[in-house]
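Ligands are counted one by one from 1 in listed order, and the atoms in each one are counted from 1 as well.
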Amino acid sequence: MNQAAMGEATSVKDKGKLLVFENEEELMVALAKYTSELSEKIVKERGAFTVVLSGGSLIKCLGKLVEPPFFDSVEWARWHIFWVDERVVPLDHPESNYKLAYDGFLSKVPIPPGHVYAINDSLSPEDAADDYETGLKQLVHSGVVDISAVTSFPNFDLMLLGMGPDGHVASLFPGHHLIHENQRWVTYIKDSPKPPPERITFTFPVINSASNIALVIVGAGKADMMKRVLCDEQHSDLLPVQMVSPVHGELVWFTDKEASSKLPGSSLL
Ligand SMILES: O=C(O)[C@H](O)[C@@H](O)[C@H](O)[C@H](O)COP(=O)(O)O
């Protein structure tokens with residue numbers, strides 16, 4: 001392993017900062033530290049901390065935040081929770097990202113229920129996307145969510161993303177026309193290659209207007225894709241994960257040794 005000392009930052013060409021941890025446990029501690037420090041800084045600056053969650057393995061990786069010392073140091077009452085993507089299923093359905101986050105994280109921390117912005121699960125995908133976008137506009141109006149002065153899209157404080165083994169992020173999949181959506185804040189998909197097929201998702205202009213983006217990628221199943229994403233310059237079509245590129249924010253990759261096992265050191269420096 002020579003691409004980065006464990007847990008030390010390596011800058012990955014124009015792709016942000018790469019952190020490689022010995023194991024998932026160490027990654028979880030570092031992710032909790034990063035999140036709690038950002039929360040402290042941003043709450044001081046603007047009185048609120050807007051956090052966007054994904055589904056998938058990310059929620060488990062947030063596990064240390066609900067334990068001391070992080071649990072006690074975070075001003076949970078200032079947090080506002082959003083989803084970068086959500087499956088259009090009832091909120092108590094086993095495939096709901098809300099349910100995953102609630103069971104694994106939100107039920108364990110005192111974030112006011114009114115600060116947790118789940119989708120309206122009684123609507124069609126089209127209407128649920130419209131409804132979520134309308135809700136975001138109201139929160140911009142009330143000052144909870146900032147707007148980027150550069151892009152005019154919402155500027156979330158922290159976006160916590162996972163990457164699928166095919167290189168997707170949120171519900172933005174390789175080769176799907178939605179990856180080029182540049183007007184809407186929230187859109188819908190009815191033919192997601194990853195089940196369930198009906199979802200809503202933030203668009204790339206919203207993702208890339210965030211102040212901080214953490215891409216959390218663990219396990220050997222992601223190693224081939226990590227190599228392609230960070231080292232392979234032969235493919236001209238960008239994968240969704242390669243389109244994550246904050247306009248005025250910072251991108252940090254939290255990975256473990258297994259996910260980074262196929263990265264040659266020299267290509268990263
Ligand atoms: O609803 C979803 O399917 C997720 O939000 C999705 O975008 C996820 O973040 C990635 O697929 C990575 O998931 P894993 O980390 O579990 O591979």
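In the vicinity of Arg199, heavy-atom distances shorter than 4.0 Å reach the ligand 1 atoms 1 (O), 2 (C), 3 (O). Which parts of ligand 1 touch Met163 is read off a 4.0 Å heavy-atom cut-off, strictly below it: atoms 12 (C), 17 (O). Which parts of ligand 1 touch Arg87 is read off a 4.0 Å heavy-atom cut-off, strictly below it: atoms 1 (O), 2 (C), 3 (O).
The two atoms that bring Gln242 and Asp237 nearest to each other are OE1-O, 4.1 Å, heavy atoms only.
Clustering of Ile, Leu, Val, Met, Phe, Trp and Tyr side chains at separations under 4.5 Å leaves Leu123 isolated, with no partner residue.
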Item checked: Stepwise side chain to side chain contact (heavy atoms under 4.5 Å, CB included) check, Leu58 with Leu161 -> CA-CA 7 Å; Leu58 170 81; Leu161 301 179; over 6 Å; no
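Residue contacts with ligand 1: Val169 is placed with no nitrogen or oxygen under 3.5 Å of a nitrogen or oxygen of the ligand (distance criterion only). Residue contacts with ligand 1: Ala170 is placed with a nitrogen or oxygen under 3.5 Å of a nitrogen or oxygen of the ligand (distance criterion only). The shortest N or O to N or O distance between Asp85 and ligand 1 is below 3.5 Å.
At a heavy-atom cutoff of 4.0 Å, ligand 1 is contacted by the side chain of Asn97 but not by its backbone.
Atom 8 (C) of ligand 1 has its closest protein heavy atom at Lys194 NZ, 3.9 Å. Atom 15 (O) of ligand 1 has Ser57 OG, 2.4 Å as its closest protein atom, hydrogens excluded (heavy atom only). In terms of protein heavy-atom proximity, atom 10 (C) of ligand 1 is nearest to His168 NE2, 3.4 Å.
At a 4.0 Å cut-off, at least one heavy atom of Lys222 sits close enough to ligand 1 to count as contact.
Of the charged side-chain nitrogens involved, none lies within less than 4.0 Å of a carboxylate oxygen, so that Asp224 and Arg228 do not count as a salt-bridged pair. Looking at Lys194 and Asp166, no side-chain N of the basic residue comes within less than 4.0 Å of a carboxylate O on the acidic one, giving no salt bridge.
The only member of Asn155, Asp157, Thr50 that meets side chain to side chain contact (heavy atoms under 4.5 Å, CB included) when paired with Val145 is Thr50.
No side-chain heavy atom of Val252 sits under 4.5 Å from any side-chain heavy atom of Leu215.
Residue pairs satisfying the salt bridge (charged side-chain N to carboxylate O under 4.0 Å, His left out) criterion with at least one member in residues 82-92, sequence neighbours excluded, are listed as follows: Asp85-Arg199.
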